[in-house]
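Letters A, B, ... mirror the listed sequences (proteins, then strands); counts begin at 1. What's counted below: heavy atoms across the whole structure, side chains too, no hydrogens, waters or symmetry copies.
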Amino acid sequence: MTTAPDRPTVDGLEAKWDQVWQRDETYRFDRTKSRAEVYSIDTPPPTVSGELHLGTVFGYVQVDAIARFRRMRGRAVFYPIGWDDNGLPTERRVQNLYGVRCNPALDYDPDLKIEADPNRKGRAPQRDVSRPNFLELCHQQTELDEKVFEQVFRDVGLSVDWNLAYATIDDRCRRIAQRAFLQNVAKQDAYIAEAPTLWDVDFQTAVAQAEVEDRPVKSSYVRLLFQRPDGSTVEIDTTRPELLPGCVAVVVSPDDPRYADLIGTELTTPLFNVAVPVLAHRLADASKGTGMAMVCTFGDNTDVIWWRELRLPLRSIINRDGRLRRAVPEWLSSGAGSFSSAEELWADFAGKTAAQARARIVELLTDASLVAGEPRPIEHDVKFYEKGDRPLEIVTSRQWYIRNGALDTELRNRLLRGAAELNWYPEFMQTRLEHWIAGLNTDWLVSRQRFFGVPLPLWYPIDADGVPIWSEPIVPEVERLPIDPQVDVPIGFDASQRGLPGGFTGDPDVMDTWATSSLSPQIVCGWTEDDDLFSRTFPMDLRPQGPEIIRTWTFSTMLRGILQHDCLPWANVSINGWILDPDRKKMSKSKGNVETPASLVADFGADGVRYWACRAGQGVDTAVDRGQMRVGRRLAVKLLNVSKFVLGLVSEDLQGGAVTEPVDLAMLRQLANVADRATASFDRYDYRQALDITEEFFWRFCDDYVELVKSRSYGSDDGARSAQAALAAALSVLQRLLAPMLPFVAEEVWSWWQEGSVHRAEWPTADSLTPQLAGLDESVTAAFDTAATILRHVRKAKTDAKKGMRWPVRLLRVQDSADVLAVLRRTLVDVQAAGTVAEVELVEAAEQSVTITLADEMPEQA
RNA sequence: GGGCGCUUAGCUCAGCGGUAGAGCACUCGGUUUACACCCGAGCGGUCGGGGGUUCGAAUCCCUCAGCGCCCACCA
């Protein structure tokens with residue numbers, strides 16, 4: 001316990017209290033508590049890649065307020081945090097920062113030393129390094145980044161237990177991710193299959209449906225002329241003429257009378273002269289284009305459906321690098337129109353990018369008069385990998401999948417039930433998850449052809465001909481996890497047998513980063529590693545997160561919970577809003593660099609920034625608003641000053657004394673209601689309303705109550721004792737009510753007169769004020785409002801007369817009902833002192849009026 | 001194409017069936033010994049448009065418009 005300084009300030013509170021909290025382990029989880037006494041939070045592990053975005057701080061602060069409330073309510077709060085460092089964002093950051101590129105063919109160089117260069121241009125030439133060297137750099141860089149992130153989180157006062165920190169690439173996470181995956185394999189919830197998948201041609205990896213986004217792209221329709229058996233032509237629109245050599249069929253709607261006679265016949269493709277069948281399918285839309293669609297393997301997801309359902313041949317044109325195949329397609333070999341040979345024709349396309357091939361093919365088609373009219377420019381949505389720069393292609397490849405209900409009604413319904421069983425804050429976010437589940441069209445593709453991730457923990461035997469037997473994976477013993485099949489050798493084999501006939505090969509892929517972060521509850525709660533901890537924390541209480549990862553993180557975590565434990569991993573989901581620029585546009589990168597969390601904390605204090613975040617409701621998109629932060633800072637400063645003042649008025653031995661005066665009792669009665677309403681708000685995760693209610697009362701406490709009673713509180717008579725007891729009780733309650741939102745200033749003022757941390761203090765409710773309210777007679781509950789109203793009249797009279805607040809009032813005349821006057825009479829000491837009123841006249845009458853007569857002059861001050 | 005959310009004072013937002021609210025901004029006034037990072041007072045809105053339910057609607061229903069977001073098999 002210290003005393004209030006002469007000139008209290010909010011500056012420097014962040015560093016001061018962070019240090020104390022760290023020293024005292026204020027937020028350490030008490031793992032002796034039972035499940036019912038624990039409140040466990042599944043905090044999102046932020047992606048560690050560069051600057052921590054203000055939007056991240058925004059959401060985390062809101063959750064922290066909830067965590068602090070639960071802690072003060074007596075729960076043992078289990079509040080871990082982790083870093084999501086595995087995955088493509090880190091790879092890309094390392095590539096750019098160090099100027100390297102992973103080349104798995106190279107050998108490890110133990111002497112390699114490369115320094116990060118933040119000023120490197122992202123496109124500058126890259127140096128090839130081995131896979132182990134590349135992974136080393138990834139680990140090295142994420143360690144640095146995580147330190148920076150931790151400091152920001154400490155600066156804004158997150159009350160996480162840093163002892164529980166984890167990283168999604170660390171040993172424990174790799175072990176748990178691999179173990180869970182192996183259990184999925186054992187239960188046949190995971191399977192390997194060769195199938196068309198969305199493919200990013202730059203990153204050279206398959207991607208999952210959840211990582212795909214639509215982007216508008218300028219394109220154009222080209223109207224191709226296909227030839228009927230009788231030599232006449234039909235017109236077919238396409239935006240991807242370069243796929244024409246991969247055309248396997250033409251589909252029409254079964255209900256389209258225009259083409260009914262064509263169904264079952266064959267057409268010949270322009271330029272390439274390949275015969276393709278005309279087939280009917282329900283997904284063909286008579287209203288799109290000319291009503292005929294050419295099916296290529298593959299242009300889009302519909303092509304995949306047609307290919308599968310109509311049992312069409314596979315004619316792959318695009319390679320995994322996004323370029324057209326080099327070898328002449330065998331189905332062209334029969335001849336190619338005006339070209340003397342298929343070879344001659346294909347020479348124009350082999351190795352070209354899709355865009356180059358498109359331009360060339362349109363040229364050739366136009367020259368040969370095989371198109372109708374000019375290309376018509378359009379803008380349409382095209383699928384992109386969310387982190388990619390070029391449109392996704394669809395290629396056939398062998399990949400691992402985890403069942404997610406897309407192809408399985410029973411699982412899908414179980415997931416939909418789960419979405420409905422969760423308590424959502426705000427409620428409408430539930431719909432987003434339900435729509436996502438209902439719209440899934442493929443199982444979850446979890447293998448990625450990347451490097452910095454959790455390896456798929458599998459090997460495959462190689463048969464006598466040197467071909468891997470994909471259907472018979474070799475599974476490691478769980479004690480060996482985590483393993484890297486590129487380095488580790490399966491039992492029963494020798495390292496020298498790697499890659500040889502009769503030997504083995506390690507799975508070269510890593511898992512989707514969500515395959516690890518979807519296990520965050522299992523990771524933090526110690527699944528399979530600490531059964532005691534697991535039983536005290538799982539299923540968890542709260543999953544807080546951003547709206548943009550409902551389809552990925554919320555969904556996949558729920559899926560893993562159901563597959564692994566047949567239960568939901570948490571009971572409540574809270575979705576924060578989106579951060580917008582001050583002009584209400586989505587927060588841009590450039591702005592993000594100006595309005596960094598650190599700079600805003602420097603300008604307004606952590607409590608100011610937190611106030612802004614806590615003023616925004618759950619799920620409500622919010623603009624960066626320096627004005628709100630300034631208001632928050634002002635509130636913090638006010639709490640410092642009023643605390644200092646009140647503590648100066650209150651003598652220590654009177655703090656717990658009896659409250660007897662009507663104004664004091666009435667104020668405490670109102671405060672008791674405030675505490676209960678704030679508690680109820682927090683109970684339904686509405687930190688915003690709790691702050692609103694508390695803040696509103698806090699200002700009335702400062703401006704009206706303290707002003708009314710400060711004069712009476714001097715001295716030691718009964719009136720003074722009552723005022724001091726009420727001031728102390730109210731101050732204690734208000735400091736605690738504000739602590740979840742303004743933890744630094746609340747801790748500071750608490751330390752001036754209380755032992756221990758305010759964040760470990762008991763949360764105030766109406767019950768906690770019962771002793772002070774023992775003398776309450778319900779007839780005086782209006783005393784505070786009555787006195788404050790009269791004081792307001794007096795202030796207005798002085799303001800209207802352009803006088804200062806100390807200007808004396810000669811006569812205050814109040815006309816009102818007997819009941820009101822009776823209450824008012826008992827508050828006159830305070831009203832007269834606060835309003836500098838000399839004489840009072842109370843008149844009983846049906847009509848209400850207040851008349852104030854100011855003195856003619858200001859008396860000389862002694 | 002489908003869905004979700006939003007539209008209230010100049011700005012940022014609360015209210016979500018019973019006579020329009022807060023903060024900021026603005027105007028005016030004030031050395032009130034906790035605070036000038038202050039105090040006091042004031043100005044300011046037919047609650048996006050239209051229709052309906054109701055004794056009564058910013059609040060419920062329908063519809064239209066604008067903005068934002070999510071999803072979609074994007075010929």
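Rounded to the nearest Å, the gap between the P atom of G42(B) and that of U33(B) is 23 Å. On the C1' atoms, A9(B) is 15 Å away from U27(B), given to the nearest whole Å. Taking atom P on both nucleotides, G30(B) is separated from A22(B) by 25 Å, rounded to a whole Å. Nucleotides U59(B) and G48(B) are separated by 8 Å at their P atoms, to the nearest Å. Spacing between C73(B) and G5(B) at atom P, rounded to whole Å, works out to 23 Å. G50(B) and U7(B): their C1' atoms are spaced 16 Å apart (whole Å). Of the C1' atoms belonging to A41(B) and C16(B), the separation is 31 Å, rounded to the nearest Å. Comparing C39(B) with A25(B), their P atoms are spaced 12 Å from each other, to the whole Å.
Within the 4.0 Å cut-off from OP1 or OP2 of C70(B), not a single side-chain nitrogen or oxygen of R551(A) is found. Between Q209(A) and A72(B), a side-chain N or O to OP1/OP2 separation shorter than 4.0 Å is present. Side-chain nitrogen and oxygen atoms of N641(A) include none within less than 4.0 Å of the OP1 or OP2 phosphate oxygen of C37(B).
Nucleotide U32(B) holds its P atom 15 Å from the OH atom of Y714(A), rounded to whole Å. Atom CZ in R795(A) sits roughly 12 Å away from atom P in G42(B) (whole-Å rounding). Atom CZ of R215(A) and atom P of A72(B) are 15 Å apart (whole Å). Following rounding to the nearest Å, Q618(A) (CD) and C13(B) (P) show an atom-to-atom distance of 16 Å. Rounded to an integer number of Å, the gap from E427(A) CD to G5(B) P is 11 Å. Atom P of nucleotide C73(B) and atom CG of D285(A) are separated by 14 Å, given to the nearest angstrom. Separating the CG atom of L416(A) from the C1' atom of G3(B) is a distance of 15 Å, rounded to the nearest angstrom. Between W578(A) atom CH2 and U12(B) atom C1' there is a gap of 21 Å when expressed in whole angstrom units.
When Watson-Crick and G-U wobble pairs are counted only if both distances are under 3.5 Å, A20(B) pairs with no nucleotide at all. In this entry C43(B) has no Watson-Crick or G-U wobble partner, no candidate having both defining distances under 3.5 Å. Both distances falling under 3.5 Å, in either a Watson-Crick or a G-U wobble arrangement, occur for no nucleotide opposite A25(B). Pairing for G5(B) is with C67(B), a Watson-Crick or G-U wobble pair whose two hydrogen-bonding atom distances lie under 3.5 Å. Across every strand in view, A34(B) sits unpaired, with no contact that passes the Watson-Crick or G-U test at under 3.5 angstrom.
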> For W699(A) and L635(A), what are the C-alpha separation, side-chain angles and deciding distance, and is it a side-chain contact (heavy atoms from CB on, under 4.5 Å)?
Replying inline: CA-CA 9 Å; W699(A) 285 104; L635(A) 176 63; 3.8 Å; yes
>> Would E707(A) and R795(A) count as a salt bridge (charged side-chain N to carboxylate O under 4.0 Å, His left out) here? Give the steps.
In response: CA-CA 12 Å; E707(A) 290 301 323; R795(A) 285 168 174 164; 5.1 Å; no
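Taking both residues in full, the closest heavy atoms of V745(A) and L13(A) are given as CA-CD1, 3.9 Å, listed atom of the first, atom of the second, then distance.
A donor atom on one side chain and an acceptor atom on the other are not found under 3.5 Å apart for Q209(A) and R551(A). Residues Q735(A) and W753(A) have side chains that bring a donor and an acceptor to within less than 3.5 angstrom of each other.
No engagement by A636(A) is indicated, since no non-hydrogen atom pair under 4.0 Å with the nucleic acid exists. No engagement by W612(A) is indicated, since no non-hydrogen atom pair under 4.0 Å with the nucleic acid exists. Among the protein residues, D703(A) comes within range of the sugar-phosphate backbone only, with heavy atoms under 4.0 Å from sugar or phosphate atoms but none that close to a base. Counting non-hydrogen atoms under 4.0 angstrom, R792(A) reaches the backbone sugars and phosphates but no base. Residue contacts for M429(A): at a heavy-atom cut-off of 4.0 Å it reaches no nucleic acid atom on any strand shown. Here T239(A) lies in heavy-atom contact (under 4.0 Å) with sugar-phosphate atoms only. Using a 4.0 Å heavy-atom criterion, one finds that D303(A) contacts no nucleic acid atom at all.
In this structure a side-chain-to-backbone donor-acceptor pair under 3.5 Å is present from R610(A) to M741(A). No side-chain donor-acceptor contact under 3.5 Å links K383(A) to the backbone of V212(A). W424(A) contributes no side-chain N or O that, together with a main-chain N or O of V573(A), makes up a donor-acceptor pair within less than 3.5 Å.
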>> At under 4.0 Å between heavy atoms, how does the protein contact nucleotides 21-30 of chain B? Give one character per nucleotide, 5' to 3', with B, S or -.
In response: --SS---SSS
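For Q670(A), the side chain to side chain donor-acceptor pair (under 3.5 Å) criterion is met by R700(A), D785(A), not counting sequence neighbours.
Listed candidates were C69(B), A41(B), A34(B). Nearest to the side chain of R432(A) is C69(B). Of the listed nucleotides (C37(B), C73(B), C4(B)), C37(B) has the atom at the smallest distance from the side chain of V637(A). For H435(A), taking side-chain heavy atoms from C-beta onward, the closest of the listed nucleotides A72(B), A34(B), G3(B) is G3(B). Which of A14(B), A34(B), A36(B) sits closest to the side chain of R7(A) comes down to A36(B).
For E707(A) against A34(B), a side-chain N or O and a base N or O form a donor-acceptor pair under 3.5 Å.
Between T9(A) and H380(A), it is T9(A) whose nearest contact on RNA chain B lies nearer the 5' terminus. If you find the closest nucleotide of RNA chain B to E548(A) and to P8(A), the one lying nearer the 5' end belongs to P8(A).
Within a 6.0 Å radius of CD in E374(A), no more than 12 heavy atoms belonging to other residues, nucleotides or ligands are found. Counting heavy atoms of neighbouring residues, nucleotides and ligands inside a 6.0 Å radius, atom CD of E427(A) does not exceed 12 of them.
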